[in-house]
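In this text the structure is predicted, and so the values were computed from the model without any measurement. The figures here come from the full heavy-atom set of this structure, side chains too, leaving out hydrogens, waters and symmetry mates. In what follows, chains are A, B, ... by sequence order, proteins preceding strands, each numbered from 1.
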Amino acid sequence: MSQLADFFDTMLPFLMGNLDVAGASSRMGESPSGPRRLTYYQVLTRRERASTLHLLYPATRLAANRLRPGLFGEMVQAHLIRNRSSHWEPNHFGAPFPSLLAETCTEEALAVLPELADFEWLKFEVTVARIAPVYVRGYDHDILGFVESAARGGAAELPFKRSIAVAIHRSADQRTTTTTLRTAELIVLARRRGVPVKDNLVTEVEMRDAEKRLIRLGVLSDDSV
Amino acid sequence: VTEQLCGVGIGLRRPLYDAILGTTRRIDWLELVPENFMDLGGRPAAVLEACAARWPIVSHGVSLSIGGPDPLSERYLRSRKELEDNVAVAASSDHLCYTSIHGVELHELLPLPFTEEALRWSAARAKEAAERLGRPLWLENITYYAEMPGTTMREGEFVRAVLESAECDLLLDVNNTYLNARNHGRDPIQVLTDLPLERTRQIHLAGHVEDEGILLDHHGSAVAPAVWDLFREALVRVGPVPVLIEWDQNIPSLDRVLDEADHARAILEDVCRARPIEAA
């Protein structure tokens, strides 16, 4: 094995925090700058991956730390242990975070966190996708105001329990937007997707108005009418 | 292609999209990080298209992993080339470092050991990457906080040997040069002149911060006075080249970034008008 290949084989577990500086130095020799400086690269690599989650999930972070100070850091640590990045775009490293929270936040008090993370990830996906997706989601907490407040650095009350339905999509000028869906709009969307719905929930006039609103807001395209 | 580029550019970063599109202040060119736009649509793509119609664009990658152990990614190179062709970039550059190992993306610009083996490996890959991207590839001198085990050369020797062997030009990061000197107890001018300055095609300037007793290249503040001084020294030696203000964290208002660009432009004009260009 070449010296360079040996270097990389040692640096990977070292940078991932699975090998300490003494172990790394015994395998590839000591850094002329000393162990503290070499260890700084462990700090930087961890910090960079953690910062991706901090930036992608500001509302989730705010809510988690309100529920229990330091909780978001614990979740990030769990994510770092479980996941490695395999995409050149760093934000992709954050993709599995909502499912991690869905799996681990089993207490009722924490149930809002997977919803916030799911919403924040979908907003990111809609923002950058080459072909704009439209996501329709039902949440058990009224998270929208909290997310907006977090984005502005505000300190709104934690989301309270109330079922909401939202579409996360792009507007005509390509900006990411969220539309709260009412019953008629949900029925329009359900019918478009071939889901059977009772026909006595709303009137035909309400259905037509709902369809117009969804088109105006960019949830449905004109040619789908 | 590089004849289109002159003056001072700034980074096209998401928090500044609206302000850049709306500004009437002078911007000479824009830099994009290709990884932030490759394969993406939506607002980033729309903003880039609008910007490319107004300003020259240069591409400065962070994930090519020129010195890394994995084969150069076909998917990455194809996406990057498609983006750079679509935007008709005026220049393309990356870093002399590695960023991934065995398929794991580390999202950090990591230093190689300064050895003969690493230089031969990196040079061959830089040449290959430039060919596959279909345009010259400039390489930036990165910040290194620790010399890697096995190192047998000085940083400047290593950078020079790689660039000469790869027939690449230098993207001279003056902040990195300053930090490397300070972090390793060397004289900044000596570190600067050790680099292959005659190959300089572009200069980068950025802010740094002290972290755990180390000067960290964090691109999150104004350029430090000592770095402005070193920038002057660099210009005396390399002559008028395009300059980029990098501000990627704690991004302030566009006006604040452009104030920094105006300052760089004033120095560029002052040095290159008032002083004869010295041989590097």
| Which region of A:E30, side chain (C-beta onward) or backbone (N, CA, C, O), has a non-hydrogen atom less than 4.5 Å from a non-hydrogen atom of chain B, or is it both or neither? | backbone

| What option among A:T10, A:T176, A:L15 has the most heavy-atom pairs under 4.5 Å with chain B? | A:L15

| field | Inter-residue atom distance B:Y144.OH - A:S31.OG, 0.5 Å rounding | value | 10.5 Å

| said: So for A:A129, is it side chain, backbone, both, or neither that comes closer than 4.5 Å to the heavy atoms of chain B? | reply: backbone

| query | Nearest heavy-atom pair of A:Y41 and B:A146: which atoms, and what distance? | reply | CE1-N, 3.8 Å

| Segment of B:R14 engaging chain A (4.5 angstrom heavy-atom cut-off) | side chain

| query | Measuring heavy-atom distances to chain B, does A:F8 have an atom under 4.5 Å in its side chain, in its backbone, in both, or in neither? | reply | both

| query | Going from CZ on B:R80 to CH2 on A:W88, what distance comes out if it is rounded to the nearest 0.5 angstrom? | reply | 11.0 Å

| said: So which residue, B:L64, B:T99, B:L216, ends up with the most heavy-atom pairs under 4.5 Å with chain A? | reply: B:L216

| request: Supply the atom-to-atom distance A:L12 CG to B:S100 OG, rounded to the nearest 0.5 angstrom. | output: 10.0 Å

| remark: Whatever's closer than 4.5 Å to a heavy atom in chain B on A:V43 counts as side chain

| Between A:S86 and B:E105, is any side-chain donor less than 3.5 angstrom from a side-chain acceptor? | no

| note | Comparing B:H102, B:E147, B:E35 against chain A, the one with the most heavy-atom pairs below 4.5 Å turns out to be B:E147

| query | Is the closest basic N to carboxylate O distance between B:R75 and A:E89 below 4.0 Å? | reply | no

| field | Residue A:E157 excluded, over 12 heavy atoms near CD under 6.0 Å | value | no

| said: Is there a side-chain contact between A:E48 and B:L106 in this structure, where contact means two heavy atoms from C-beta onward sitting under 4.5 Å apart? | reply: no

| request: Drop me the distance from A:L44's CG to B:I214's CD1, to the nearest 0.5 angstrom. | output: 7.5 Å

| message | Side chains of B:D39 and A:V128, heavy atoms from C-beta outward: is any pair under 4.5 Å? | response | no

| Is there a donor-acceptor contact under 3.5 Å from the side chain of A:R37 to the main chain of B:Y145? | yes

| task | Measure A:H87 against the heavy atoms of chain B and call it side chain, backbone, both or neither at under 4.5 Å. | result | both

| said: Any heavy-atom pair between the side chains of A:L4 and B:R120 that's under 4.5 Å? | reply: no

| Between the side chains of A:S85 and B:H107, does any donor sit under 3.5 Å from an acceptor? | yes

| query | Checking heavy atoms, do the side chain of B:A45, its backbone, both or neither come under 4.5 Å from chain A? | reply | neither

| request: With a 4.5 angstrom heavy-atom cut-off, could you sort out which part of A:M11 is near chain B: side chain, backbone, both or neither? | output: both

| task | Drop me the distance from A:Q42's CD to B:E108's CD, to the nearest 0.5 angstrom. | result | 12.5 Å

| said: With rounding to the nearest 0.5 angstrom, report the CG to OH distance, B:N183 to A:Y40. | reply: 8.5 Å

| task | Determine the option with the most heavy-atom pairs under 4.5 angstrom with chain A, choosing from B:S65, B:G103, B:P111. | result | B:P111

